[in-house]
Amino acid sequence: MSTDEKFMQRCLDLAQLGAGNVAPNPMVGAVVVCDGKIIGEGYHQQYGQAHAEVNAIEAVEDKTLLEKATIYINLEPCAHFGKTPPCADLIIDSKIPNVVIGCIDSYSEVAGKGVAKMSTAGIKIRVGVLEAESLALNKRFFTYHNKNRPYVILKWAQTANGFIDIERSNNEKGVFWITQPETKALVHKWRHEEAAILVGKNTIKVDNPSLTCRNYEGASPIRVIIDQKMRLDYGAFKVGDRAVQTYVLTEKAVISKGKLQFIQPKDFTISSILETLTQLEIQSVIIEGGATTLNNFIQADIWDEARILTGINPIMSGISAPQLTGIVSESYQFGKDHIKILVHA
């Protein structure tokens, strides 16, 4: 790694600490370096609070060093007023002469404006250090703004011989556990990192899940349920607890009650459902079932990532797990379970 890459990697590591807490803002880390040493660093910790650049500059004890320092940031500093003042202005006012940026922010409010403002002020700027890694870190943010839809993650657990659930011919209820108990904490961490979790009505009817992060310390995602014909009485299910913002997508006109809200998309195609989530400013969604809902996204060919958990035990028969092709980005053992992550080709 070059010196610039080393410090940019530190930015990325810091930025990742904001996962699940800063959306709809991107994850950003910043490192201030003088004479080859880090003199201040920080990251965007919570939506609505100080940005990474602010925290990094405030962490510098001797502010006179800023006039000969370099600040590294994985994403172009903002140049507009949002919930906080423009970070590009802060860098200019701090008289930092050098800025190294991982990638340009394609969000229309920024999109090169931060670089232009700092360059006009005489700051020396380098863009594109660990660019691919910087883009990947904020793939949710960029997908939302560039494709006008949330970043879509498909997730399911399957038996050793490829079944996602048992046959429920006698209308059996209850969760059919496939993976080990310790894997649940990982799944709940995944939930925390996304803006929303989506399931179909049958998953609610059969499993009665809470769809929260109860096994991981962190905020739970918004819950989204597809119930086109409004078949369920939500007062009888855990998702009706109103503890977490919950949207039920239905064609029926139903009165919302607090955090349990009923929304009518224009239709129930996958594109329309995602359009509705986009209007709700949901930047990412993890689809956790059931098989019909997962397959609908696969058939529409609208997904970005798939996370497949495979348990150690087979069953005689059941509901087949979804089938899809993609590029394997990760494959590893997690205790007794195997995890494979695919990205869309």
Considering non-hydrogen atoms only, spot the tightest contact between Cys87 and Val54 and give its length. SG-CG2, 4.5 Å
Give the intermediate values and the outcome of side-chain contact (heavy atoms from CB on, under 4.5 Å) for residues Val199 and Ile204. CA-CA 8 Å; Val199 299; Ile204 302 299; 3.7 Å; yes
Any side-chain donor near an acceptor of the partner, Glu305 and Tyr151, under 3.5 Å: yes
How about Gln180: does its CD atom have over 12 heavy atoms from other parts shown lying under 6.0 Å from it? yes
Does CD belonging to Gln333 count more than 12 external heavy atoms closer than 6.0 Å? yes
Look at the side chain of Asn74 and the backbone N and O of Met27, then say whether any donor-acceptor pair between them is shorter than 3.5 Å. yes
Taking the side chain as everything from C-beta on, heavy atoms only, tell me whether Glu41 gets closer than 4.5 Å to Leu14. yes
For Asp241, is there an ion pair with Arg223 - N to carboxylate O distance below 4.0 angstrom? yes
Looking only at side chains, do Ser106 and Asn146 share a donor and an acceptor under 3.5 Å apart? yes
Check whether the side chains of Ser331 and His338 place a donor and an acceptor atom closer than 3.5 Å, and report yes or no. yes
Could you check whether Asn55 and His44, counting side-chain N and O atoms only, form a donor-acceptor pair closer than 3.5 Å? no
Atom CD1 of Ile57 and atom CD1 of Ile39: how far apart are they, to the nearest 0.5 Å? 10.0 Å
Is the closest basic N to carboxylate O distance between Lys68 and Asp35 below 4.0 Å? yes
Side-chain donor-acceptor pair under 3.5 Å between Arg242 and Thr246, yes or no? no
Lys139 atom NZ, over 12 foreign heavy atoms within 6.0 Å: yes
Flag, side chain of Thr250 to backbone of Lys229, donor-acceptor distance under 3.5 Å: no
Tell me if a side-chain donor or acceptor on Thr70 pairs with a main-chain N or O of Val99 at a distance below 3.5 Å. no
Asp62 and Thr64: side chain donor to acceptor below 3.5 Å: yes
Would you say the side-chain atoms of Gln9 and Asp13 include a donor-acceptor pair closer than 3.5 Å? yes
Any side-chain heavy atom of Tyr43 within less than 4.5 Å of one from Val28? no
Beyond-backbone contact of Phe176 with Arg168, side-chain heavy atoms, under 4.5 angstrom: yes
Main-chain N/O of Phe262 paired to Ser256 side chain as donor or acceptor, under 3.5 Å: yes
If only atom types and distance count, is the side chain of Thr278 paired as donor or acceptor with the main-chain N or O of Leu274 below 3.5 Å? yes
Are any of the side-chain heavy atoms of Val239 and Ile225 separated by less than 4.5 Å? yes
Kindly give the heavy-atom pair with the smallest separation between Thr310 and Ala160, and that separation in Å. CG2-CA, 4.0 Å
Got a sec: does the CD of Glu172 have more than 12 other heavy atoms crowding it under 6.0 Å? yes
Following the transitive rule for hydrophobic clusters with a side-chain heavy-atom cut-off under 4.5 Å over Ile, Leu, Val, Met, Phe, Trp and Tyr, establish whether Leu135 and Tyr144 coincide in one cluster. no
When you compare the side chains of Thr212 and Ser210, does any donor N or O come within less than 3.5 Å of an acceptor on the partner? yes
Given side-chain hydrogen bond (donor to acceptor under 3.5 Å, both in side chains), test Thr183 with Asp337 step by step and report yes or no. CA-CA 8 Å; Thr183 305; Asp337 299 322; 2.5 Å; yes
Go through it in stages, so that I can follow the logic: the residues are Tyr47 and Asn21, the test is side-chain hydrogen bond (donor to acceptor under 3.5 Å, both in side chains), and I'd like the CA-CA distance, side-chain angles, deciding distance and then a yes or no. CA-CA 6 Å; Tyr47 176 68; Asn21 297 317; over 6 Å; no
Side-chain contact test, heavy atoms from C-beta onward, threshold under 4.5 Å: evaluate it for Leu277 versus Val224 and give yes or no. yes
Test item: Gln245 and Gln261 side chains (from C-beta on) under 4.5 Å apart, heavy atoms: yes
Evaluate side-chain contact (heavy atoms from CB on, under 4.5 Å) for Lys173 paired with Lys205, printing each intermediate quantity in order. CA-CA 8 Å; Lys173 301 288 194 303; Lys205 180 180 178 181; 4.1 Å; yes
Cation-pi check, Arg307 to Trp156: give yes when NZ or CZ is under 6.0 Å from the six-membered ring centre and within 45° of the ring axis, no otherwise. no
Would you mind checking if Arg149 and Glu275 are paired as a salt bridge, meaning a charged N to carboxylate O distance below 4.0 Å? no
Close side-chain approach of Val152 and Ile287, heavy atoms under 4.5 Å: yes
Can we say Lys117 and Asp89 salt-bridge, meaning some charged N sits less than 4.0 Å from an Asp/Glu carboxylate O? yes
Would you say the side chains of Gln283 and Glu194 form a donor-acceptor pair under 3.5 Å? no
Does any N or O in the side chain of Glu76 come within less than 3.5 Å of the main-chain N or O of Lys113, such that one atom is a donor and the other an acceptor? yes
Step-by-step side-chain contact (heavy atoms from CB on, under 4.5 Å) determination, Ile273 to Leu249: CA-CA 8 Å; Ile273 288 168; Leu249 306 185; 3.8 Å; yes
Should Leu232 and Phe268 be regarded as members of a common hydrophobic cluster, given that ILVMFWY residues are connected when their side-chain heavy atoms come within less than 4.5 Å of each other, either directly or indirectly? no
If we ignore hydrogens and angles and just use 3.5 Å, is the side chain of Lys63 paired with the main-chain N or O of Val60 as donor and acceptor? yes
Is it possible for you to say whether Phe237 and Ile197 belong to one hydrophobic cluster, with membership spreading through side-chain heavy-atom contacts below 4.5 Å? yes
Nearest-0.5 Å distance, OG1 of residue Thr292 to CZ of residue Phe297: 12.5 Å
Between the side chain of Asp105 and the main-chain N/O of Leu75, is any donor-acceptor distance below 3.5 Å? no
What's the shortest heavy-atom distance between Ile123 and Pro97, and which atoms? CG2-O, 3.5 Å
Single-linkage hydrophobic cluster, 4.5 Å side-chain cutoff, Val33 and Met1 together: yes
Determine, step by step, whether Val254 and Met230 satisfy the side-chain contact (heavy atoms from CB on, under 4.5 Å) criterion, reporting the C-alpha distance in whole Å, the side-chain angles of both residues, the deciding distance to 0.1 Å, and the verdict. CA-CA 9 Å; Val254 183; Met230 198 59 193; 4.2 Å; yes
Restricting to non-hydrogen atoms, name the atom on Pro150 and the atom on Asp304 that form the minimum distance, rounded to 0.1 Å. O-OD2, 4.1 Å
With a 4.0 Å cut-off, would you call Glu330 and Lys340 a salt bridge? no
Backbone of Cys213 reached by a side-chain donor or acceptor of Ser220 within 3.5 Å: yes
State yes or no: do Ile298 and Leu309 share one hydrophobic cluster built from I, L, V, M, F, W and Y residues joined by side-chain heavy-atom distances below 4.5 Å, directly or via other members? no
Partner of Ile125 under side-chain contact (heavy atoms from CB on, under 4.5 Å), chosen from Ile101, Asn98, Val100: Ile101
Pairwise side-chain contact, Ile71 with Ile91, heavy-atom cut-off 4.5 Å (strictly under): yes
Side-chain donor/acceptor of Asp227 to backbone N/O of Val248, under 3.5 Å: no
